[in-house]
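Throughout, protein chains are lettered first and strands after them, A, B, ... in sequence-line order, and every chain is numbered starting at 1. Given the structure is predicted, the values throughout are model-derived calculations rather than measurements.
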Amino acid sequence: MAQLNMVQAINLALRQEMERDGRIVILGEDVGRDGGVFRVTEGLQECFGAERVIDTPLSESALVGMAIGMAAYGLRPVAEIQFMGFIYAAFDQLFTHAARLRSRSRGRFTCPLLVRTPYGAGIKAPELHEESSEAFFCHMPGIKVVVPSGPYTAKGLLLSALRDPDPVLFLEPTRLYRLIREEVPEDDYTIPLGQARLACQGKDVTVIAWGSMLERVMKAIGPRGAEVIDLLTLNPCDMETILASVRRTGRAVIVHEAVKSGGFGAEIAATIAGEAILYLRAPVLRVTAPDVTMPLSRLQDSYLPTVEQISRAIDDVMRY
Amino acid sequence: MAQLNMVQAINLALRQEMERDGRIVILGEDVGRDGGVFRVTEGLQECFGAERVIDTPLSESALVGMAIGMAAYGLRPVAEIQFMGFIYAAFDQLFTHAARLRSRSRGRFTCPLLVRTPYGAGIKAPELHEESSEAFFCHMPGIKVVVPSGPYTAKGLLLSALRDPDPVLFLEPTRLYRLIREEVPEDDYTIPLGQARLACQGKDVTVIAWGSMLERVMKAIGPRGAEVIDLLTLNPCDMETILASVRRTGRAVIVHEAVKSGGFGAEIAATIAGEAILYLRAPVLRVTAPDVTMPLSRLQDSYLPTVEQISRAIDDVMRY
Amino acid sequence: MFNAAYIPRDEQPAMPEELLASFAVRRLGILDEQGNVDEALMPSLSGTEIMRIYEAMLLARTFDERALALQREGRLGTYPPFLGQEASQVGSALALTPADWLFPSYREMGVHLTLGYPASQLFQYWAGDERGQLTPDRFNIFPFCVSVGTHILHAVGAAMAARYRQDPVVAVAWFGDGATSKGDFHEGFNMAGVFRLPVVFICQNNQWAISIPLKGQTATATLAQKAIAYGFDGVQVDGNDVFAVHRATVEAIAKARSGGGPTFIECLTYRMGDHTTADDASRYRSPDEVAAWRERDPILRLERYMAQQGLWDEGYGKEAKTRMTATIDEAVRAMEALPPPVAAEMFEHTCATLNPRQAGQLKEL
Amino acid sequence: MFNAAYIPRDEQPAMPEELLASFAVRRLGILDEQGNVDEALMPSLSGTEIMRIYEAMLLARTFDERALALQREGRLGTYPPFLGQEASQVGSALALTPADWLFPSYREMGVHLTLGYPASQLFQYWAGDERGQLTPDRFNIFPFCVSVGTHILHAVGAAMAARYRQDPVVAVAWFGDGATSKGDFHEGFNMAGVFRLPVVFICQNNQWAISIPLKGQTATATLAQKAIAYGFDGVQVDGNDVFAVHRATVEAIAKARSGGGPTFIECLTYRMGDHTTADDASRYRSPDEVAAWRERDPILRLERYMAQQGLWDEGYGKEAKTRMTATIDEAVRAMEALPPPVAAEMFEHTCATLNPRQAGQLKEL
Ligand SMILES: Cc1ncc(C[n+]2csc(CCOP(=O)(O)OP(=O)(O)O)c2C)c(N)n1
Ligand SMILES: Cc1ncc(C[n+]2csc(CCOP(=O)(O)OP(=O)(O)O)c2C)c(N)n1
Ligand SMILES: [Mg+2]
Ligand SMILES: [Mg+2]
């Protein structure tokens with residue numbers, strides 16, 4: 001077993017699965033010769049050829065739309081959107097078509113499409129390079145949304161996603177790309193989609209997070225008896241794990257880096273309010289970015305939830 | 001005062017405001033000669049000319065993108081998206097640009113743009129003609145989302161929206177277009193954006209709805225002591241009115257026709273769970289469409305929340 | 001330092017420049033309104049084959065007429081008639097093999113019918129039941145695409161996949177003049193050009209996009225010339241001339257199948273009916289314009305040609321129409337005999353499996 | 001009935017057809033690599049004007065060099081150098097009036113500087129502070145657009161508004177070769193054509209979109225020919241020839257201002273540096289290619305021409321560079337003297353007023 005960072009773990013998963021499954025084809029801007037702007041697809045074109053690792057024109061809607069056609073035909077396309085801030089041009093193809101093809105054709109055509117994209121803030125890159133708009137895609141029946149929290153989960157989730165019969169949006173927290181190294185088995189292992197992970201057990205408060213916020217949550221909990229849930233899959237969301245935990249702890253704090261209003265934290269809080277209300281001993285708090293246009297890098301630290309804010313929210317619910 | 005339906009009320013508001021304000025220009029597919037597929041802009045091109053009521057090519061992204069440029073230049077464009085199911089192609093322009101122009105230019109350029117679109121189900125039209133995807137736009141700081149519930153609110157809200165300094169998405173429930181007639185004053189009156197309306201007072205349960213669901217809610221409440229909140233503006237949402245009511249009633253039911261997961265009902269329930277938990281006497285229930293791809297017309301009645309389902313949810317929370 | 005230094009325009013004649021490249025757009029027509037054909041261009045079709053073409057067009061029209069009637073009786077929902085576009089649809093459909101992948105818009109029922117897609121399912125779809133879109137296994141026909149132009153990309157993707165698999169398959173997309181204004185048209189055409197894919201794009205330029213006439217859609221004289229922007233061939237074809245449409249499609253498919261890349265075929269035709277049953281075309285176009293196009297009816301001119309050739313007379317015309325009507329009667333009966341969809345079906349195909357939340361919602365039904 | 005009736009392709013030669021329309025794409029070049037000009041095409045510029053052009057290019061280059069240096073020192077964030085594109089930027093910028101509306105991508109700092117946009121604000125922006133985008137009132141320059149190609153529509157809209165207001169204003173959008181693949185490029189061009197708007201589209205075809213070379217972006221031989229798809233003129237210009245760029249832009253602006261509609265100008269140039277400071281271009285292109293383009297440096301060739309004309313010698317070149325360096329030094333000082341942004345500023349411009357939720361969040365800061 002090797003110590004890998006997340007870029008390496010994803011690269012490894014792609015490489016191994018491409019060896020195993022000739023239907024997998026990667027396409028995107030700069031994914032081939034350049035190996036991707038984060039080097040996630042580095043070496044894959046050399047290895048599998050330009051027919052399987054395809055550099056495309058600058059054309060996000062076409063990237064996803066073509067991949068839908070390829071998936072329906074029987075391939076397993078992996079489309080890379082260079083940064084999540086450029087996925088909005090492909091929104092129509094994702095929502096109108098990828099999410100609905102199975103239903104519209106009553107199962108005759110399916111869309112085993114994987115869309116990968118670097119996601120989230122914290123790298124002080126230019127505008128639109130640090131978006132965290134996962135909530136949009138969690139309101140699309142038919143699409144799965146997956147967010148790994150480290151190299152190990154990245155590989156296991158990616159292998160599941162690559163084998164899923166339906167479209168999966170795979171959001172890769174850029175801040176984590178090279179931040180964490182973990183043991184990542186060479187072996188084929190999968191982490192099932194739709195199942196959250198208990199990052200740490202506790203009985204006094206449930207803290208729910210995903211992606212790069214998980215790292216801050218782990219720093220924030222300190223010695224308090226916090227149970228930390230690393231969601232891993234946002235859609236479909238493992239509400240059963242969340243509810244079971246909240247029913248035990250009676251307290252919930254949800255942390256995400258997207259703006260609060262309409263963020264995915266709302267769905268979690270709403271589900272708790274609908275199905276675990278009798279167990280609650282405190283308000284369900286959300287620690288998120290404020291409801292403002294995302295600023296450029298110099299104000300990023302003020303925009304993103306901090307360890308202190310998370311810690312304060314935990315204190316607040318504990319005090320009830 | 002005349003008895004008008006919603007189509008007539010919106011037409012009247014547009015006409016009166018165009019007379020008052022030469023900066024208003026309407027653009028869209030079939031809005032001119034044809035008067036719009038629902039006849040909302042009927043007669044306006046005759047009245048104001050083809051320079052002010054502009055038939056455009058079939059091009060939703062350009063419709064919104066151009067309107068952004070026009071708004072920044074100093075006009076007040078009103079862009080019609082023919083049906084909400086075709087707005088997704090304009091998602092990028094709305095989210096990347098309309099919502100952010102003021103912030104990106106630090107106030108130098110603004111975007112007083114109104115996007116109108118027929119919205120919601122219940123008319124048994126073809127695929128994509130009955131979408132209810134308001135939640136996406138409630139996760140976009142910088143954009144307001146408005147949903148009238150009848151002819152009177154339509155005119156008053158539209159006049160406010162037409163005078164708002166920032167982009168507004170105005171969702172017109174197609175099912176209500178000709179369903180209700182109401183007294184609609186000829187006079188200039190506005191209903192402020194961001195303020196909910198108490199459709200009916202009560203002290204036992206708060207029911208929150210908007211658009212065409214309001215009509216079903218009013219049928220469902222019966223003699224029970226329900227306080228019904230007609231949201232009118234979804235973003236920014238009048239949480240203060242909701243919280244005040246729930247703090248009185250201790251019970252909340254939220255009704256919307258969009259699918260449940262990630263729907264705007266989640267934000268409301270989450271806010272209640274975060275800020276009125278101590279007052280709650282029952283779970284916060286959401287009555288919504290199920291988390292499935294929207295079916296064609298023959299299954300629409302099974303998909304949309306019914307009067308019975310709403311009524312049952314009210315009973316459920318009352319029983320606590 | 002440089003305060004908007006404006007250097008005034010000098011008073012010289014319009015700039016002489018070096019010629020870099022030149023392009024031509026051509027038009028194909030074989031069968032004229034009087035039923036005469038250009039023998040040099042006419043494909044060598046047997047009498048039986050021509051009768052097959054004719055009957056396919058007649059079937060399409062009979063379906064279309066019936067659908068309109070059913071809609072008026074409330075037995076179908078909103079319906080988009082294709083009256084006048086039969087030559088474009090049948091002529092192109094007949095150029096395909098069952099292995100090809102088809103990507104229709106919402107107005108190509110003539111393509112489906114020509115290939116043998118069950119008419120009952122077409123009615124079922126337009127009655128608001130998505131089971132009508134469950135394409136029989138012997139075809140590769142994508143569901144109707146209501147969001148204009150967005151399916152062009154799927155055709156391009158299928159062509160990419162077919163090439164990857166080295167299958168001798170061509171992807172064909174049909175769309176209207178309005179679709180040429182959409183971003184996806186552009187992105188798809190560009191991809192097809194860059195990767196030289198086996199795909200044929202067929203635009204039925206019926207000259208209207210609801211109430212927007214062609215000149216409100218584009219400033220170009222033809223749609224065919226748009227292919228110049230993507231580095232492959234575009235041709236304009238008389239879309240009411242089934243021989244020309246057929247010939248152009250056969251050529252384009254052969255080219256695509258042999259690695260020659262994409263072709264854009266503009267079929268210049270006319271939407272003789274309303275946009276849909278929810279539309280009233282008399283609000284935006286003159287009866288004269290419609291009447292002029294009635295003269296160019298694609299079936300009429302084929303009948304004229306066939307009559308010249310001794311392949312058609314009124315008796316045969318009536319007998320054929322009776323047969324088509326019987327076929328369509330049968331399809332209507334079959335459609336109406338289908339059990340209505342049940343609510344649980346909504347849950348069946350959102351994903352391969354239900355997630356726990358959906359399962360809970362299904363239980364609550 | 002009609003089971004995928006496939007009528008085999010007849011064995012005839014490729015179809016003869018009627019010619020419908022033909023198109024040409026032209027190329028404009030005035031100043032060659034040796035510094036010789038085509039006198040017939042050369043605009044009548046005074047020595048002073050030529051020196052102004054030269055100094056504008058020098059200022060742009062000096063800014064660009066400094067920005068790279070600052071980035072390496074961690075004083076700027078990721079930065080996209082425009083080395084090699086000075087002629088395209090300065091030549092086009094000098095054709096504008098302050099009343100015109102400008103829509104840059106992220107790589108047009110040379111346009112800003114030429115017009116007199118404060119260099120300190122450009123540095124401020126690239127240091128990650130959006131206040132750098134607060135365009136001074138005397139200009140109508142939109143914020144940099146990072147989402148490739150999406151700003152083209154804003155230029156088209158501004159042109160529409162200017163026409164509605166009957167203002168003698170032209171909208172100008174700059175973008176790269178990569179942007180021509182985007183749907184918004186297409187939708188914007190189509191709208192501009194249909195409404196014949198006063199807009200000029202300037203593509204700096206620097207032949208790379210990060211690692212994607214031009215032939216991976218389009219199957220066409222030129223980008224200029226894409227205008228044929230929209231019914232207006234496209235022209236290819238030597239983008240390293242400041243006189244040609246200037247002349248083509250002056251002509252296009254004059255045409256637009258006088259109601260002649262849009263023009264597409266393709267400036268064929270080269271990105272001599274990395275895509276951004278986060279990129280390493282040596283991964284995907286050869287040093288030979290870059291070296292060949294170094295010979296075509298737009299400043300070098302202007303110096304050669306000016307030397308011929310007695311307008312340039314090494315002494316003047318050095319003196320001018322010293323002045324530009326001082327200007328940029330001053331801008332850096334000004335930028336670094338600015339107070340840092342404070343958190344509350346995030347809340348200031350999302351909407352005209354704060355909503356109650358935002359107000360609450362601001363209080364919690
Ligand atoms: C993306 C999108 N925008 C708007 C509509 C509404 N609409 C349906 S058909 C149509 C006109 C289409 O015209 P064209 O492409 O020429 O096809 P035709 O209907 O003439 O066959 C419009 C605007 C739609 N279905 N999809
Ligand atoms: C819509 C979009 N997709 C992807 C990117 C990431 N990206 C930034 S620049 C670039 C290449 C742009 O190439 P081109 O248009 O030729 O402009 P250049 O950078 O060469 O000036 C890409 C892919 C982006 N900024 N926007
Ligand atoms: Mg049409
Ligand atoms: Mg480039």
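Going from atom OG1 of Thr78(D) over to atom NE2 of His129(A) covers 7.5 Å, rounded to the nearest 0.5 Å.
Listed by chain and residue number, nothing satisfies the side chain to side chain donor-acceptor pair (under 3.5 Å) test with Gln45(A) (two or more places apart in sequence, or in another chain). Every residue meeting the side-chain contact (heavy atoms from CB on, under 4.5 Å) condition with Glu289(D), not counting sequence neighbours, appears here in chain and number order: Trp208(D), Tyr270(D), Arg285(D), Ser286(D), Trp293(D).
Across every non-hydrogen atom of Gln82(A) and Ile210(D), the tightest pair is OE1-CD1, 3.4 Å. Minimum interatomic distance between Pro295(A) and Glu130(D) (heavy atoms only, all atoms of both residues): CA-OE1, 3.3 Å. Nearest approach of Pro290(A) to Phe347(D), heavy atoms of both residues: CB-CZ, 3.5 Å.
Counting heavy-atom pairs closer than 4.5 Å to chain A, the top residue among Ala281(D), Gly77(D), Gly216(D), Gly183(D) is Gly216(D). Between chain A and the residues Thr150(D), Val342(D), Asp177(D), the largest count of heavy-atom pairs under 4.5 Å involves Val342(D). Between chain A and the options Glu348(D), Arg283(D), Glu345(D), Glu364(D), heavy-atom pairs under 4.5 Å are most frequent for Arg283(D). Counting heavy-atom pairs closer than 4.5 Å to chain A, the top-ranked of the candidates Gly360(D), Ala179(D), Ser147(D) is Ser147(D). If you tally non-hydrogen atom pairs under 4.5 Å between each of Arg357(D), Lys182(D), Met346(D) and chain A, the highest count goes to Met346(D). Chain A forms the most heavy-atom pairs under 4.5 Å with one residue out of Ala127(D), Cys351(D), Pro341(D), and that residue is Pro341(D).
For a residue to count as touching a neighbouring chain, one of its non-hydrogen atoms must lie under 4.5 Å from one of that chain's; by this rule Gln358(D) touches chain A with the side chain only. The contact between Pro340(D) and chain A is made by backbone and side chain atoms together, counting heavy-atom distances below 4.5 Å. Contact of Tyr79(D) with chain A is not made at all, since no heavy-atom distance falls under 4.5 Å.
Annotation: side chain of Pro126(A) is not in contact with side chain of Tyr106(D) (no heavy-atom distance under 4.5 Å). Residues Thr293(A) and His349(D) form no side-chain contact, since every pair of their non-hydrogen atoms from C-beta on lies 4.5 Å or further apart. Tyr125(D) has its side chain within reach of Leu296(A): a pair of non-hydrogen atoms, C-beta onward, lies under 4.5 Å apart.
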Begin from the C-alpha positions of Val37(A) and His275(D) and carry the test side-chain contact (heavy atoms from CB on, under 4.5 Å) through to its verdict.
CA-CA 11 Å; Val37(A) 293; His275(D) 170 70; over 6 Å; no
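Panel note: side chain Arg298(A), backbone Gly128(D); no donor-acceptor pair is recorded below 3.5 Å.
Proximity to chain D among residues 299-320 of chain A is limited to Leu299(A), Ser302(A), Tyr303(A), judged by heavy-atom separations below 4.5 angstrom. At a heavy-atom cut-off of under 4.5 Å, chain D is reached by Asp55(A), Thr56(A), Pro57(A), Leu58(A), Ser59(A), Glu60(A) from residues 46-64 of chain A, listed in order of number.
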